[in-house]
There are 2 protein chains.
Amino acid sequence: MSATPDPVASPAARPPTLRDVAILAGVSPMTVSRVFSGNLNVRPEVQERVRSAAATLGYRRNENARSLRPGHRSGLIGVTITNIANPYYAEMQRGIEEVAAEHSRRILIGNSNEDAELESRLVADFLGRQVEGLIVVPSGSAADSTHLRDAAQGGVPIALASRALDDLDVDTVLVDDIGGAFAATDRILAEGHTRVGFLGTQASVFTGRRRLQGFRDAHAVRGIAIDEDLVLAGQRDVQSAEAAMQALLQLADPPTAVFTANNRNTIGAIRAIELDRRRRRSAAPLRIRLIGFDSFEFADLSPVPLSVVAHDARELGRRAATMLLERIDGLDPAVAGRVIELPARLQEVPAP
Amino acid sequence: MSATPDPVASPAARPPTLRDVAILAGVSPMTVSRVFSGNLNVRPEVQERVRSAAATLGYRRNENARSLRPGHRSGLIGVTITNIANPYYAEMQRGIEEVAAEHSRRILIGNSNEDAELESRLVADFLGRQVEGLIVVPSGSAADSTHLRDAAQGGVPIALASRALDDLDVDTVLVDDIGGAFAATDRILAEGHTRVGFLGTQASVFTGRRRLQGFRDAHAVRGIAIDEDLVLAGQRDVQSAEAAMQALLQLADPPTAVFTANNRNTIGAIRAIELDRRRRRSAAPLRIRLIGFDSFEFADLSPVPLSVVAHDARELGRRAATMLLERIDGLDPAVAGRVIELPARLQEVPAP
DNA sequence: GGGGCGATTGATATCGTTACCAATCGGCGG
DNA sequence: CCGCCGATTGGTAACGATATCAATCGCCCC
């Protein structure tokens with residue numbers, strides 16, 4: 001005989017089924033099924049025999065087969081996020097999973113990478129896997145939401161997180177982008193600044209659009225004109241944000257304050273200012289008033305004085321999941337899409 | 001008639017099945033099945049009729065039912081992570097998903113929250129859902145790995161990420177914790193420091209243990225004694241790390257340098273030092289030499305001079321997924337668990 | 001002591017899909 | 001003009017699990 005190690009049983013070419021357990025335990029498949037779903041009316045002695053046989057074989061119920069039965073639910077929730085590597089969405093995912101776990105649901109996750117086509121494929125795949133609901137951060141480039149409307153029409157509940165879609169009436173959890181951006185900008189203007197820069201994402205991104213609107217509204221209310229040369233939208237990562245900030249700094253007449261509309265842009269801006277200081281071998285950074293949307297782990301340790309508009313990503317995830325599960329658990333479908341706006345609080349700048 | 005909006009079809013109490021499509025198209029279920037899996041030998045005209053019927057009904061293949069057929073694979077990979085809210089693991093998850101997507105696999109994800117019991121339940125659930133493989137960041141408290149051994153014995157490939165398990169011979173991707181910690185500590189000692197603090201996680205966490213070992217090794221090689229009062233292990237979050245650093249600073253004879261063994265502890269340490277500076281209303285932070293394991297987004301913008309031992313979380317995820325998929329795609333099971341150690345590079349401190 | 005009730009167990013059919021085999025048809029070579 | 005072949009289509013039986021109904025058994029009460 002060869003030296004192939006094979007101490008216990010065969011290497012399980014095929015995972016054991018309920019039928020295998022039944023044969024080993026000398027009972028019918030139905031009895032095994034009963035043992036694994038509540039032990040209704042099975043003699044303790046038989047239960048013991050079945051469990052022992054199952055343990056010997058390493059049997060596990062096939063959840064996919066179970067979910068085939070009528071009325072059974074898959075216990076899965078599909079989540080598509082634009083980019084999980086962004087700590088904000090990671091935190092949101094955590095919130096989603098907390099609530100999902102409380103309701104015994106698992107999550108299937110996919111990154112859309114801001115690509116509508118990819119998002120659409122993810123959604124289709126998730127639906128094919130019988131998810132009970134979808135939580136979607138709609139990709140910025142999503143010109144149409146056909147794939148989501150199809151799902152909704154098919155009876156699969158959807159919750160949108162962070163971004164709304166005008167043409168899709170489903171539960172949505174947003175941050176008060178406009179209010180937060182307004183408050184931040186208003187604060188800057190109240191301090192006397194009149195040339196305020198804006199760094200944000202492209203207008204096709206819902207949150208970017210709204211935060212720019214808050215920025216504009218605040219100017220309008222105070223009757224201060226915006227120099228459009230100071231409005232740079234289109235940075236989606238830290239690197240491009242840093243470059244954009246550098247461009248602002250190098251203007252002949254640079255802004256005295258800048259509102260950055262998300263954490264990528266805030267970090268890029270800080271980086272540009274701090275690296276500028278190091279290049280100048282100066283002890284003090286440029287005096288630029290900086291307020292950023294989104295809090296992040298290092299916000300209060302920034303080397304550059306900074307205020308942030310803070311909001312709670314985990315809570316956003318929790319609320320989206322909660323609303324979704326209400327739908328899954330039978331909320332009257334006639335109830336129109338509910339929209340929650342979570343507060344965005346302007347945090348005071350820490351003593352420098 | 002009432003005003004209930006119900007323009008198209010019924011609200012799909014039950015999602016349409018292949019059989020429904022077949023009836024509408026006036027063909028047999030088999031023909032529909034063929035149309036959706038390669039169109040082998042179905043007349044174009046019939047194909048068109050079937051596709052049209054499917055579109056009308058909003059039909060989607062039930063992937064769970066398909067995966068019931070013998071030989072079919074689920075296309076799912078189960079991933080358990082200790083805490084996705086840690087940006088390091090979020091980045092890792094991204095790497096895993098990139099590779100999984102390249103191989104047309106989706107991921108089922110769950111947070112174990114460093115709880116072995118929870119991890120075990122997640123794994124059991126994933127196996128029940130017929131995942132083709134598992135990627136696990138073993139929870140620190142996992143005294144035993146029975147649940148994983150069962151899975152492995154059942155023929156489901158496993159890859160461990162970030163942390164190894166002594167008693168489980170499976171593919172594993174690690175960071176060169178010992179080498180990285182050694183290099184960092186050696187650098188500190190070479191600079192002349194003799195009282196070096198250590199902040200890290202509890203010894204039950206694999207990486208924490210290894211990084212402490214590198215720290216000790218470096219001292220041993222240089223024949224420098226470690227003051228055990230300066231070794232604080234057990235901080236798992238930023239808050240407790242900050243408190244631990246404060247404790248070090250308040251010692252009668254505080255360390256002149258500190259090695260922080262992960263990003264939570266590094267950030268906590270920076271926070272303690274910076275907040276101390278602010279309390280003292282001083283322009284300069286305490287002169288403490290700081291080197292931390294793990295890079296993070298803000299590492300080079302730290303208000304406190306800092307070096308880091310950098311490694312690539314996304315690559316770690318990619319490698320784990322790649323090895324797992326090799327197993328799934330039929331790598332000889334006789335091949336013993338492969339262990340990869342990714343490099344951890346000591347990055348120079350940026351000019352302050 | 002008989003009828004009946006509850007507890008226990010098993011046989012059957014089905015969930016949605018597809019591999020396999022059989023049936024049908026048109027057309028072409030001999 | 002017959003028979004064979006390929007193309008096309010359908011019937012059947014499973015995949016693993018369970019709801020439903022039927023069957024069996026022991027035991028209690030009148």
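Just so it is clear, the model here is predicted, and its values are computed rather than measured. Lettering follows sequence order; numbering is per chain, from 1. Scope of the values below: all heavy atoms of this structure, side chains included, with no hydrogens, waters or symmetry mates.
Each end of the helix from dG1(C)-dC30(D) to dG30(C)-dC1(D) yields a helix axis from five base pairs, and these two axes differ in direction by 50° (to the nearest 10 degrees).
Side-chain contact of Arg94(B) with Asn113(A): a donor-acceptor pair under 3.5 Å is present, judged by distance alone. With hydrogens and angles left out, the side-chain atoms of Asp167(A) and Ser145(A) include a donor and acceptor closer than 3.5 Å. Between the side chains of Ser139(B) and Glu114(B), no donor-acceptor pair of N or O atoms lies under 3.5 Å.
Counting heavy atoms from C-beta on, the side chains of Glu97(B) and Met92(B) never come closer than 4.5 Å.
Distances shorter than 4.0 Å separate some side-chain N or O of Thr31(A) from OP1 or OP2 on dG10(C).
In this structure, CG on Asn111(B) lies 7.0 Å from CD1 on Ile109(B), to the nearest 0.5 angstrom.
In this structure, CZ of Arg43(B) is placed 13 Å from C1' of dG10(D), rounded to the nearest angstrom. Distance CD (Gln47(A)) to C1' (dT9(C)): 13 Å, rounded to an integer number of Å. Rounded to whole angstrom, the span from the CG atom of Leu57(B) across to the P atom of dG16(C) amounts to 14 Å.
Side-chain N or O atoms of Arg163(B) include one that pairs as donor or acceptor with a backbone N or O of Pro138(B) at under 3.5 Å. A side-chain donor-acceptor contact under 3.5 Å links Ser74(B) to the backbone of Gln130(B). With hydrogens and angles disregarded, a donor-acceptor distance shorter than 3.5 Å links the side chain of Glu132(B) to the backbone of Gly75(B).
Of all nucleotides listed (dA7(D), dT9(C), dG10(C)), dA7(D) comes nearest to the side chain of Asn41(B).
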> Taking protein heavy atoms under 4.0 Å as touching, what does nucleotides 12-20 of chain D look like 5' to 3' if B marks base contact, S marks sugar-phosphate-only contact and - marks none?
Replying inline: --BBBBBBB

